[in-house]
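Written out below as structure tokens is the structure these notes cover.
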Amino acid sequence: MQTAVIAIGFAIFAWWFSTGAILLLLRLSPFAREVVMALASIVAVLALFGVDAIRDNTTVAGAFAGFSCGLLIWAWHEMSFLFGYVTGPRRTPCPPDLSGNPRFRAAFETILHHELAILTTLLMLVWLSWAGDNQIALWTFTVLWAMRISAKLNVFLGAPNLAEEFLPEHLAYLKSYFRRDRINALFPVVVTLASIALGWLIHLGLASGDPFVQAGITLVATFLALAIVEHWFFVLPIPDAALWRWALRARDESEIARGADYVLAPSGTSHAAAPVTAGFDRTQLRGDSVSHPSAVATRDNRRPNALKLEWQ
């Protein structure tokens with residue numbers, strides 16, 4: 001029981017802290033992000049070697065090591081995506097006239113390289129863990145991958161809450177592929193299947209007398225439970241971002257300090273002081289008034305060094 005409690009606490013802390021840490025790293029300068037990404041790549045490679053090294057380690061420590069390796073490898077993919085290094089060939093907003101299959105293809109093109117990288121890593125983990133007794137890293141990575149795919153599909157198909165605040169400025173175009181709507185048909189199916197899988201994992205853990213199995217399954221099951229909770233955040237009026245407000249606030253303040261000094265607002269509105277993530281080239285916004293096909297940039301009298309973009 002003590003091992004299970006420690007495993008649950010460790011998994012919850014890893015989930016909360018790793019998410020916040022990545023959000024904090026997004027506030028770094030481009031050069032600093034490149035350095036961090038290089039270091040993260042080294043850590044991910046070492047984690048892959050670790051998966052191979054512990055493939056037959058069936059101790060409690062081996063279970064925690066496998067879980068940690070799987071999480072570190074997954075963190076590399078999260079960082080490479082959120083930093084904007086591994087996304088997809090399409091990096092523009094969704095055309096307003098797209099719907100159905102064309103809209104799905106366009107959305108998939110924005111994350112194509114990211115998904116291929118994850119799939120390649122998954123196959124590597126299968127190969128490294130094949131016939132091994134310790135496959136906790138593979139299980140951890142697979143749960144994260146499956147539930148993240150579900151999350152992406154849910155924000156694409158439509159959900160009341162879209163967690164848009166987690167996207168950095170340079171990925172703001174992805175919001176145009178989200179759909180704010182009532183619950184979609186996929187949501188109850190995924191939550192039901194994930195809950196059944198969670199129940200099965202809990203049964204396996206309780207039925208086993210092996211400390212390694214209990215620790216490993218508890219770690220993986222906790223992450224699956226957290227993923228299910230994250231899915232409920234899509235439909236319930238719960239401000240999940242409050243869990244990482246410390247990281248989001250620091251990131252937003254850093255983006256403003258780095259020069260996010262132009263703002264976007266529909267013409268005639270009072271949003272003139274809001275930071276923009278519109279993707280305009282700053283070099284185009286100079287002078288007292290600069291035209292754009294769908295917007296005009298003018299000086300904001302309340303912020304002498306800022307420009308206000310108003311839709312025409």
Side-chain angles (χ1 to χ4, degrees), residues 1-26 36-83 86 114 117-148 151 197-198 201-202 204-205 208 210-230 243-244 247:
M1 179 61 69
Q2 183 180 5
T3 299
V5 172
I6 294 174
I8 292 172
F10 181 78
I12 292 175
F13 177 78
W15 166 76
W16 173 79
F17 180 76
S18 61
T19 301
I22 293 175
L23 292 174
L24 278 176
L25 291 173
L26 286 169
V36 169
M37 197 67 229
L39 294 175
S41 300
I42 295 174
V43 172
V45 171
L46 292 176
L48 286 171
F49 280 108
V51 173
D52 182 59
I54 63 172
R55 64 196 308 269
D56 293 318
N57 186 327
T58 56
T59 64
V60 172
F64 277 84
F67 174 80
S68 299
C69 286
L71 181 58
L72 287 171
I73 296 168
W74 179 261
W76 183 91
H77 286 282
E78 287 289 285
M79 292 172 62
S80 67
F81 179 77
L82 290 175
F83 285 7
V86 184
H114 174 62
I118 292 177
L119 181 59
T120 301
T121 304
L122 181 64
L123 294 176
M124 291 177 63
L125 289 174
V126 171
W127 177 65
L128 290 172
S129 304
W130 191 259
D133 296 322
N134 186 343
Q135 299 188 354
I136 303 303
L138 174 61
W139 284 35
T140 301
F141 193 90
T142 301
V143 165
L144 289 167
W145 177 55
M147 296 306 287
R148 183 52 55 88
L198 177 61
L201 286 174
I202 294 174
L204 289 179
S208 175
D210 187 341
F212 163 76
V213 174
Q214 292 177 344
I217 287 182
T218 301
L219 289 165
V220 175
T222 301
F223 252 37
L224 179 56
L226 291 170
I228 294 172
V229 170
E230 286 183 328
L243 293 170
W244 298 281

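- V126 places a side-chain heavy atom less than 4.5 Å from the side chain of W130.
- Considering CG of L198 and CZ of F223, their distance stands at 14.0 Å, rounded to 0.5 Å.
- Contact detail for L48 and M124: the closest heavy-atom pair is CD1-CE, 3.6 Å.
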Tell me, with the steps shown, if F49 and V45 meet side chain to side chain contact (heavy atoms under 4.5 Å, CB included). CA-CA 6 Å; F49 280 108; V45 171; 3.6 Å; yes
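- The CD1 atom of I118 sits 12.0 Å away from the CG atom of L123 when rounded to the nearest 0.5 Å.
- Listed here is the closest heavy atom pair of L72 and A47: CB-CB, 4.3 Å.
- If you take CG on L144 and CG on L122, they are separated by 11.0 Å, rounding to the nearest 0.5 Å.
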Starting from the C-alpha separation in whole Å, work towards a yes-or-no answer on side chain to side chain contact (heavy atoms under 4.5 Å, CB included) for V43 and L39. CA-CA 6 Å; V43 172; L39 294 175; 5.6 Å; no
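- Between F81 and H114, the ring planes lie tilted relative to each other; the angle falls in the 30° to 60° range.
- In plain terms, the two heavy atoms of T58 and F212 that are nearest each other are O-CB, 3.0 Å.
- For the pair S129 and L138, the tightest heavy-atom approach, listed with the atom from each and the gap, is OG-CB, 4.1 Å.
- Pairing each heavy atom of N57 with each of G62, the nearest pair is OD1-CA, 3.6 Å.
- Residue pairs satisfying the salt bridge (charged side-chain N to carboxylate O under 4.0 Å, His left out) criterion with at least one member in residues 56-70, sequence neighbours excluded, are absent.
- Between V5 and I8, the closest side-chain pair of non-hydrogen atoms is not below 4.5 Å.
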Evaluate side chain to side chain contact (heavy atoms under 4.5 Å, CB included) for I228 paired with M147, printing each intermediate quantity in order. CA-CA 8 Å; I228 294 172; M147 296 306 287; 4.3 Å; yes
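- E78 is linked by a salt bridge (charged side-chain N to carboxylate O under 4.0 Å, His left out) to R148, counting only residues two or more places apart in sequence or in another chain.
- Going from atom CG of L46 over to atom CD1 of I73 covers 10.0 Å, rounded to the nearest 0.5 Å.
- The stretch residues 13-25 participates, sequence neighbours left out, in no salt bridge (charged side-chain N to carboxylate O under 4.0 Å, His left out) pair at all.
- For the residue pair W76 and S41, the shortest heavy atom distance occurs at NE1-OG, 2.8 Å.
- Side-chain contact between I6 and V60: absent, with no pair of heavy atoms (C-beta onward) separated by less than 4.5 Å.
- By the 30° and 60° cut-offs, the orientation of the rings of F13 relative to F17 is parallel.
- The main-chain N or O of L204 is never found under 3.5 Å from a side-chain atom of S208 such that the two would form a donor-acceptor pair.
- Enclosure of atom CH2 in W16 by more than 12 non-hydrogen atoms of other residues, nucleotides or ligands within 6.0 angstrom is indicated.
- Other residues, nucleotides and ligands contribute at most 12 non-hydrogen atoms within 6.0 Å of the CH2 atom of W139.
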May I have the step-by-step check of side chain to side chain contact (heavy atoms under 4.5 Å, CB included) for T121 and W145, ending in yes or no? CA-CA 11 Å; T121 304; W145 177 55; over 6 Å; no
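- With values rounded to the nearest 0.5 angstrom, L224 atom CG is found 11.0 Å from T140 atom OG1.
- Side-chain N or O atoms of N134 include none that pairs as donor or acceptor with a backbone N or O of G66 at under 3.5 Å.
- Using modelled atom types, no side-chain atom of Q214 and backbone atom of A4 make a donor-acceptor pair closer than 3.5 Å.
- Taking CD1 from I136 and OG from S68, the interatomic distance works out to 11.5 Å, rounded to the nearest 0.5 Å.
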